[in-house]
Amino acid sequence: MRRSSFPGALAAATIVGHLASCVSASADEGARGLAYAAPWPGSAPGLGANKLTGGLPSAHAEIDTEHIFGFSMGSDIGKTGDIEIEFENVGAFGKRSGTYAAWANLNQVKYTVSDNFRIAPGFSLSGQHIKGVPGLADHRDIAFSGGALELRYKLVDRTVAPFGLTLHAQPGWSRIDDGSGMHIAQYGAEFAALFDRELIKDRLFAAFNVWYGTGGTREISTNLWRHDSEMQLQTAISYALQPDLVLGLGVRYARAYDGAGLDRFLGDAVFAGPTFSYNISKEVGISGTWQMQVAGKAIGDNRSLNLDQFERHQALLRINLHF
């Protein structure tokens, strides 16, 4: 993400490095004890299945890691033939002054083509309530904003390897700027590598994501083009209190750039906050997070936090329907 131009970046890097060390140590330990490990859900009982493992009852042991980390994502993509409808809502709140609230909604139908590949077409809505924010026109509206096609390929299966890795790509088109409500014509894509690891069987999970987004935008009012890009490092850890309730903590480090290829650094920010995932039933699940900007810096602004490219708070609420 952006250059380490503020102290919070060092803190974020320390957190990410510590988590990576824990995951690596856990992976080494898991490899040494593989012959005695408890079986994966659905397999025959093994030598490691005892009360000391802290595992959940076998009937509930299979936890899907995709949505248990808030903004960060796990590597699971479902089983062949699975169909899922997802409603993802992201809110952004607070600028330096004035009233600022923005909402972005993505609705997808996900179909798992094979155990390693999933496709998910979708469309998006957005809304803004902006008043008295310097640099932004007062605006209040909700509108259809565009469409996207998500593709995911599971490269490493966490059930048979020390960690899971899924590659993500999502090209898309937008007609509304989610942040300002301005009418635009935007073409872009995001790419990600999604790592996760089960640290304690059926109980403790960790994730690490690398995200990169790029796009070209034409402002309808001026007919001028601009290009921008963003990179994020994300990490999260989640603990299953009950088979259907998972709580955790997520941290994200985001860097904004002018230019499609991470060309000119504009500023960065660190967000942190609690995460949750709850299965209301076998068919319905909800998950989300509320994260606060805890550090940040915009180029040319000596004030604390980066409220030029980012907001004070970002929240996520996701609803999933399984068929």
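Bear in mind that the values here come from a model prediction, so they are computed numbers and not experimental data. Numbering of residues begins at 1 and proceeds along the displayed sequence.
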Item checked: Min side-chain heavy-atom separation Arg252-Gln291 under 4.5 Å -> yes

Next item on the list: Please state whether the rings of Phe163 and Phe195 are parallel, tilted or perpendicular, taking 30° and 60° as the class boundaries.
Entry: tilted

Check: Could you go step by step and tell me if Ile63 and Phe205 meet the side chain to side chain contact (heavy atoms under 4.5 Å, CB included) rule?
Finding: CA-CA 10 Å; Ile63 294 179; Phe205 303 83; 3.9 Å; yes

Item checked: Over all atoms of both residues, closest heavy-atom pair of Pro274 and Thr289 -> O-OG1, 2.6 Å

Next item on the list: Report yes or no: do Ser124 and Ser145 form a side-chain donor-acceptor pair below 3.5 Å?
Entry: yes

Check: Is there side-chain contact between Glu86 and Gln108, with at least one heavy-atom pair below 4.5 Å?
Finding: yes

Next item on the list: Starting from the C-alpha separation in whole Å, work towards a yes-or-no answer on salt bridge (charged side-chain N to carboxylate O under 4.0 Å, His left out) for Asp76 and Arg158.
Entry: CA-CA 8 Å; Asp76 290 348; Arg158 67 181 181 87; 2.9 Å; yes

Margin query: Using 0.5 Å steps for rounding, measure from the OG1 atom of Thr214 to the CG atom of Asp263.
Written below: 8.5 Å

Check: Looking at CZ of Arg312 and CE of Met292, how far apart are the two atoms once the value is rounded to the nearest 0.5 Å?
Finding: 8.0 Å

Margin query: Taking the side chain as everything from C-beta on, heavy atoms only, tell me whether Glu84 gets closer than 4.5 Å to Leu321.
Written below: no

Checklist line | Interatomic distance, Arg264 atom CZ to Ser229 atom OG [nearest 0.5 angstrom] | finding: 9.0 Å

Note to self: Please say yes or no: joined through hydrophobic side-chain contacts below 4.5 Å, possibly via intermediate residues, are Ile176 and Phe144 part of one cluster?
What the structure shows: no

Check: Mind checking whether Trp211 and Phe191 have side chains closer than 4.5 Å, heavy atoms only?
Finding: no

Checklist line | Stepwise side chain to side chain contact (heavy atoms under 4.5 Å, CB included) check, Phe69 with Asn209 | finding: CA-CA 11 Å; Phe69 300 110; Asn209 296 175; over 6 Å; no

Check: Does one hydrophobic cluster hold both Met182 and Tyr100, with members joined at side-chain heavy-atom distances below 4.5 Å?
Finding: no

Notebook entry, point to check: Within the distance-only criterion (no hydrogens, no angle test), does the side chain of Gln293 pair as donor or acceptor with the backbone N or O of Glu311 below 3.5 angstrom?
Noted result: yes

Check: Do the side chains of Leu149 and Tyr187 join up, straight or via other hydrophobic residues, at under 4.5 Å, putting them in one cluster?
Finding: no

Notebook entry, point to check: Which atom pair, heavy atoms only, marks the closest approach of Ser180 to Leu136?
Noted result: CB-CD2, 3.9 Å

Next item on the list: Classify the side-chain pair Asn116/Ser114 by whether it contains a donor and acceptor separated by less than 3.5 Å.
Entry: no

Check: If you take all heavy atoms of His67 and Ser277, which pair is closest and at what distance?
Finding: O-CB, 3.9 Å

Check: Does Asp196 reach the main-chain N or O of Ser75 with its side chain, forming a donor-acceptor pair under 3.5 Å?
Finding: yes

Checklist line | Separation between CD of Glu283 and CZ of Phe323, rounded to the nearest 0.5 Å | finding: 9.0 Å

Note to self: Please evaluate residues Asp177 and His139 with respect to the criterion side chain to side chain contact (heavy atoms under 4.5 Å, CB included), reporting the C-alpha separation (whole Å), side-chain torsions for both, the decisive distance (0.1 Å), and the verdict.
What the structure shows: CA-CA 12 Å; Asp177 184 279; His139 182 81; over 6 Å; no

Margin query: Evaluate Leu165 against Leu194 for side chain to side chain contact (heavy atoms under 4.5 Å, CB included), listing each step before the verdict.
Written below: CA-CA 5 Å; Leu165 170 58; Leu194 315 175; 5.6 Å; no

Notebook entry, point to check: How about Glu190 and His168: do any of their side-chain heavy atoms sit closer than 4.5 Å?
Noted result: yes

Next item on the list: Kindly determine whether Asp115 and Arg152 satisfy salt bridge (charged side-chain N to carboxylate O under 4.0 Å, His left out), including the steps that lead there.
Entry: CA-CA 11 Å; Asp115 286 346; Arg152 289 199 179 178; over 6 Å; no

Next item on the list: Establish whether Ile286 and Leu316 are linked, either directly or via other cluster members, by ILVMFWY side-chain heavy-atom contacts under 4.5 Å.
Entry: no

Check: With a 4.5 Å limit on heavy-atom distance, are the side chains of Phe71 and Gln234 in contact?
Finding: yes

Note to self: Using a 6.0 Å cut-off, check whether atom CZ of Arg218 has over 12 heavy atoms from anything other than its own residue.
What the structure shows: yes

Checklist line | Contacts of Ala298 that satisfy side-chain contact (heavy atoms from CB on, under 4.5 Å) - sequence neighbours left out | finding: Asp301, Asn306, Asp308, Gln309

Item checked: Closest contact, heavy atoms only, Gln128 versus Gly179 -> CG-O, 4.1 Å

Check: Does Leu249 share a hydrophobic cluster with Ile68, counting links as ILVMFWY side-chain heavy atoms below 4.5 Å and allowing steps through other members?
Finding: no

Check: Hey, what do you get for CD1 (Ile119) to CD1 (Ile77), rounding to the nearest 0.5 Å?
Finding: 12.0 Å

Notebook entry, point to check: If you look at every heavy atom in Gln186 and Thr217, which pair is closest and at what distance?
Noted result: NE2-OG1, 2.8 Å

Notebook entry, point to check: Given Glu66, which of Arg118, Arg318, Lys154 fulfils the salt bridge (Lys or Arg N to Asp or Glu O under 4.0 Å) condition?
Noted result: Arg118

Item checked: Distance, nearest 0.5 Å, that separates CG of Leu305 from CZ of Arg96 -> 6.0 Å

Item checked: Geometric class of the His313/Trp290 ring pair [parallel <30°, tilted 30-60°, perpendicular >60°] -> tilted

Next item on the list: Could you tell me which residues satisfy side-chain contact (heavy atoms from CB on, under 4.5 Å) with Leu245, sequence neighbours excluded, listed by chain and number?
Entry: Leu241, Gln242, Leu247, Tyr278

Item checked: Closest approach of Ala101 to Phe93 (non-hydrogen atoms, all atoms of both residues) -> CB-CD2, 3.8 Å

Note to self: Are the side chains of Phe271 and Val251 in contact, using a 4.5 Å heavy-atom criterion?
What the structure shows: no

Notebook entry, point to check: Within a strict 4.5 Å, meaning less than it, do heavy atoms of the Tyr257 and Glu230 side chains meet?
Noted result: no

